[in-house]
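Here is the structure we will look at, set down as structure tokens.
When a residue number appears, it is its place in the shown sequence, counting from 1. These numbers come from a predicted model, not from an experiment.
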Amino acid sequence: MALQNRYEFMYYVQCVNANPNGDPDMGNAPRIDPETMHGYITDVATKRRIRNYIQTAFAGKPGMDIIMQQASNINKFIAQAHENVSSGIDPACAKGKDKTYAARRYCCDHFFDVRAFGAVLSTGANAGQVRGPVQLTFGRSIDPILAQDISITRMCVADGPKDGSFEDHQKWESEQPEDKLRTMGRKQFIPFGLYEVRGFISGNLARETGFGEEDLAAFCEAILNMYEHDHSASKGQMSVVSPLILFKHVGTDTDEAQRARQALLGCAPAHRLFDLVRVERRPEVAVARDYRDYTAHIDLARLPAGVQAGFQADAFSPIVWGRLPEGEGWLTDGN
């Protein structure tokens, strides 16, 4: 069953001596707001890591395939959808809306990222367009960041005779002075940044794609664990350092039908819920280098009626509703 509630969520990512999201148009430099110097992590970069985690953690599970795979062609999956539904379509409608909708439904049923994020499925054999219920904002750093571009020495080169054999390359190497067998490179990174990421889950759009409770659990697991499977030379020390904070709209009306409508449409604007969380640098810290250099507080006393606050401490723990999970020390509720 698809979700019957609206949700908002947020979490915090720590980046230490890494490049959280490079801009290819700027020599892969970390993305920065040029007016405020705050750093950004695009929604596309976050979705890529979620997809990668789902593909790894749920490999082979029905309905959990990924359509937006790296170095692949989405049109082959759209064609696959048409081939799998064509036998159940009236030949007179083979090129009409019935087949398009059936292929769209097939993609929603079989691909997690289509159910969650939506997709444009009209680039090949037409399967329409899907508007996904899950959307994320750009991650934004709490403080301005300092992007650095440093030189590094590469102790070998990629040169020599074109299409040469091992012996040809070895001969060429022996003829070169040692300095010619080294080269220079560059590395872009920031010493530290704490990023806030916000997101939204629409119950209305979940009905359209079939995004359900199991999908929500997989999504939360991916958020909390995605950086643990993404370590590299450029992103060596990135992690989600806060619990995943969720706001679930449940309604207030005594009439069951009206309460269900409130839960689906929401009981408070998203910005009011996000404003309940405050993260500030400690006054005694001049330059932050760790997420513990900040205080984090959520004001549960101001939670609007009809909305529940939930917290998931790690990828494999359940969501705790109404209070902070045991052992959580960074985020406080003031009690």
Do [X] and [Y] have side-chain heavy atoms sitting under 4.5 Å apart?
| X | Y | result |
| --- | --- | --- |
| Glu196 | Ile142 | yes |
| Trp330 | Tyr12 | yes |
| Tyr7 | Phe247 | no |
| Lys171 | Glu167 | no |
| Arg281 | Val287 | no |
| His249 | Leu273 | yes |
| Ser242 | Leu331 | no |
| Met64 | Phe111 | no |

Would you confirm whether [X], through its side chain, and [Y], through its main-chain N or O, come within 3.5 Å as a donor-acceptor pair?
| X | Y | value |
| --- | --- | --- |
| Arg6 | Leu265 | yes |
| Asn5 | Leu264 | no |
| His110 | Ala81 | no |
| Ser141 | Pro144 | no |

Determine whether more than 12 heavy atoms belonging to other residues, nucleotides or ligands lie under 6.0 Å from atom [atom1] of [X].
| X | atom1 | value |
| --- | --- | --- |
| Glu175 | CD | yes |
| Arg261 | CZ | no |
| Glu284 | CD | yes |
| Arg131 | CZ | no |
| Gln258 | CD | yes |
| Phe166 | CZ | no |

Report task. Could you walk me through whether Phe189 and Ile150 pass side chain to side chain contact (heavy atoms under 4.5 Å, CB included), step by step? Result -> CA-CA 8 Å; Phe189 73 102; Ile150 61 173; 3.7 Å; yes
Once you round to the nearest 0.5 Å, how far does [atom1] of [X] lie from [atom2] of [Y]?
| X | Y | atom1 | atom2 | result |
| --- | --- | --- | --- | --- |
| Cys15 | Phe192 | SG | CZ | 8.5 Å |
| Lys248 | Ile201 | NZ | CD1 | 11.0 Å |
| Asn73 | Thr123 | CG | OG1 | 7.5 Å |
| Leu3 | Arg207 | CG | CZ | 10.5 Å |
| Thr183 | Ile152 | OG1 | CD1 | 9.5 Å |
| Met10 | Ile223 | CE | CD1 | 12.5 Å |

Query - Glu221 versus Tyr53, side-chain donor and acceptor atoms under 3.5 Å - result: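 Side chains of Tyr53 and Glu221: pair found under 3.5 Å.
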Requested in this report: Check the pair Asn19, Ile190 against side chain to side chain contact (heavy atoms under 4.5 Å, CB included), reporting the backbone distance first and the verdict last.
Outcome: CA-CA 6 Å; Asn19 186 347; Ile190 63 172; over 6 Å; no
Considering non-hydrogen atoms only, spot the tightest contact between [X] and [Y] and give its length.
| X | Y | answer |
| --- | --- | --- |
| Thr36 | His38 | OG1-ND1, 2.9 Å |
| Leu136 | Ile50 | CD1-CD1, 4.5 Å |
| Cys267 | Ala305 | CB-O, 3.6 Å |
| Ile41 | Tyr227 | CD1-OH, 4.3 Å |
| Ala270 | Glu8 | CB-CG, 3.7 Å |
| Ser72 | Ile67 | OG-O, 4.5 Å |

Lys/Arg-Asp/Glu bridge criterion (N-O < 4.0 Å) met for [X], [Y]:
| X | Y | value |
| --- | --- | --- |
| Arg289 | Asp293 | no |
| Asp230 | Lys235 | no |
| Asp215 | Arg115 | yes |
| Arg302 | Asp299 | yes |

**Report entry** Intermediate values then yes/no, side-chain hydrogen bond (donor to acceptor under 3.5 Å, both in side chains), Arg198 and Thr137
**Finding:** CA-CA 5 Å; Arg198 301 176 175 184; Thr137 65; over 6 Å; no
Query raised in the report: Using the benzene-type ring in the case of Trp, are the ring centres of Phe219 and Phe9 under 6.0 Å apart?
Result: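 Yes - the distance between ring centres of Phe219 and Phe9 falls below the 6.0 Å cut-off.
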Requested in this report: Return the orientation label for the Phe112 and Phe211 ring planes: parallel under 30°, perpendicular over 60°, tilted otherwise.
Outcome: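 Tilted.
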